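Data block below; observations after.
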Amino acid sequence: MCVKKYINYLNNRILPYLGNVKLKDLTRKTLEKYFNTVKQTTTNYRTRKENNTVKPSTVKKWKSIIHACLEYAVECELLFKNPCDKIRIKFTTTTDEKTIKQLIKLKREKINYYNIEEFKKVCGLLEKQFLEYYYSSNIDDEKRLREVGRRFVVLLALKTGMRRSEIFGLTRDDLSVEHAYFDVNKSRHYIASKGKITKYPKNDSSIRKKPLPKSILSYLKLYYDLLDRLQYKETYIFDYLSIDGMSTWFDTWQNKNNIKNIRFHDLRHTHATILLFIHTDIKTISERLGHSDIQTTLNIYADVLHDLDIKTAEGLDSI
């Protein structure tokens, strides 16, 4: 999760309720009252006609933020123990019919991704536009770099499964043409008050060095040639692009090219799903994505695996 979201959670969902409570008064009972309140609140998107009850997974993220803050207070000996330690949030005790229906819908909600045909179409279109902007004589170098770079970022997400923050944390040492690998060892984020910052990856398992598909190597070489031609000196190879703006651009690009609309993060889901469709084993996929364990991968892609299981059964019937 990006740093900006953490700050928004603190400012909009945690501090308004707990900001004035002294540490000595921040008891388990106080926190349970807080969680019982916020789990019934709604989202506050300004661009949507209707805001629904927040997801249980979102409330759990707020809990993890509070727990981490209080854990630091314990380390600093400001608290004897963490009052957030043994709190369990229950979401199924509600009697509101609308909330119950929404919780069921969220539980059954499938991940979003491109299927194989859509994947091929999108990759082909990105590669075609990459070359058109790369060789165009009608644009200045600043626009050329920006347009080529945006399309290459999306291609990387589709063909490596890297998170957006991981892609923006890449240097030349992390993305090798000669040895055909990508090396995730840091992440890059944007904070309004600080600008772009570099952080340790999401977790230890996110640190990984994996092979690049051959289909992207020629575009990587052209991209590096363009950076050299423009005498690009920044450490991070996509530092000229807006990190948060990349998602907005991608949304606009899909609409403009009549492509099914998915989130930027869904490119990661697409990568994993395509690997499943070509019968890559789950352990390899889990390690490629940088998941902490195979169970995480199984949980996220349970529906895809179920669909594949049905096709396997149908295949047996055809023998």
Side-chain angles (χ1 to χ4, degrees), residues 1-107 109 163-165 168 187-204 206 242-245 247-248 263 265 292:
M1 186 169 60
C2 69
V3 177
K4 187 176 180 180
K5 281 189 177 180
Y6 277 115
I7 294 173
N8 286 338
Y9 286 158
L10 276 170
N11 291 335
N12 299 322
R13 297 295 190 171
I14 298 174
L15 293 180
Y17 296 88
L18 301 174
N20 293 324
V21 180
K22 294 181 179 179
L23 275 177
K24 66 181 181 67
D25 298 325
L26 205 54
T27 61
R28 178 175 177 176
K29 184 177 181 181
T30 303
L31 289 172
E32 284 179 344
K33 182 179 179 181
Y34 160 74
F35 288 120
N36 283 327
T37 300
V38 294
K39 73 182 183 183
Q40 298 177 44
T41 57
T42 60
T43 53
N44 52 12
Y45 296 107
R46 295 179 181 178
T47 56
R48 295 184 183 177
K49 294 181 179 179
E50 182 179 358
N51 281 287
N52 298 313
T53 307
V54 293
K55 296 181 180 180
S57 59
T58 302
V59 179
K60 289 176 182 177
K61 286 177 183 175
W62 301 342
K63 179 178 178 288
S64 69
I65 294 171
I66 294 171
H67 186 277
C69 292
L70 295 179
E71 196 63 28
Y72 183 68
V74 173
E75 291 176 12
C76 295
E77 299 182 353
L78 298 173
L79 286 174
F80 176 69
K81 63 178 181 178
N82 192 332
C84 202
D85 267 344
K86 296 182 179 180
I87 290 179
R88 299 290 182 269
I89 309 170
K90 295 181 179 180
F91 296 94
T92 55
T93 55
T94 178
T95 56
D96 178 62
E97 185 178 352
K98 182 180 178 181
T99 302
I100 292 171
K101 287 181 178 178
Q102 187 189 347
L103 289 172
I104 293 172
K105 180 183 176 182
L106 290 172
K107 188 70 176 177
E109 191 175 6
R163 301 174 178 93
R164 185 185 66 173
S165 60
F168 276 92
S187 61
R188 196 98 162 118
H189 306 265
Y190 175 78
I191 302 177
S193 60
K194 296 182 179 180
K196 292 178 180 178
I197 63 166
T198 303
K199 291 185 62 182
Y200 190 77
K202 187 175 181 180
N203 48 55
D204 288 348
S206 294
S242 166
I243 295 176
D244 291 339
S247 297
T248 304
R263 302 171 305 158
H265 188 73
S292 56

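It should be emphasised that the depicted structure is a prediction, and the values quoted were computed from it without experimental measurement.
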Can a donor-acceptor pair be found between the side chains of [X] and [Y] at a distance below 3.5 Å?
X    : Y    : value
R188 : T198 : yes
R13  : T58  : no
S247 : R263 : no

What is the minimum heavy-atom distance between [X] and [Y], and which atoms define it?
X    : Y    : answer
R163 : S206 : NH1-OG, 3.3 Å
F168 : S242 : CZ-O, 3.9 Å
P83  : L26  : CG-O, 3.1 Å
T37  : K33  : OG1-O, 2.9 Å

Would you call [X] and [Y] a side-chain contact if the rule is heavy atoms closer than 4.5 Å?
X   : Y   : result
V54 : T42 : no
E77 : V74 : no
I65 : L10 : yes

Is it the case that over 12 heavy atoms from other parts of the model lie below 6.0 angstrom from the CG atom of N203?
yes
Verdict with reasoning, T41 to T53, per side-chain contact (heavy atoms from CB on, under 4.5 Å):
CA-CA 6 Å; T41 57; T53 307; over 6 Å; no
Please test W62 against Y34 for side-chain contact (heavy atoms from CB on, under 4.5 Å), starting from the C-alpha separation and ending with a verdict.
CA-CA 11 Å; W62 301 342; Y34 160 74; 4.2 Å; yes
Take V38 and I14, measure what side-chain contact (heavy atoms from CB on, under 4.5 Å) needs, and give me the verdict at the end.
CA-CA 9 Å; V38 294; I14 298 174; over 6 Å; no
Drop me the distance from [X]'s [atom1] to [Y]'s [atom2], to the nearest 0.5 angstrom.
X    : Y   : atom1 : atom2 : value
E71  : S64 : CD    : OG    : 12.5 Å
F35  : K63 : CZ    : NZ    : 6.5 Å
L31  : L18 : CG    : CG    : 6.5 Å
L70  : N82 : CG    : CG    : 5.0 Å
I87  : H67 : CD1   : NE2   : 9.0 Å
S193 : I7  : OG    : CD1   : 5.5 Å

Sub-3.5 Å donor-acceptor pair from the side chain of R164 to the main-chain atoms of I243, do we have one?
yes
Side chain of N36, backbone of E32: donor and acceptor closer than 3.5 Å?
yes
Short N-O contact, K196 and D244, less than 4.0 angstrom:
no
Step-by-step side-chain contact (heavy atoms from CB on, under 4.5 Å) determination, R28 to D85
CA-CA 9 Å; R28 178 175 177 176; D85 267 344; over 6 Å; no
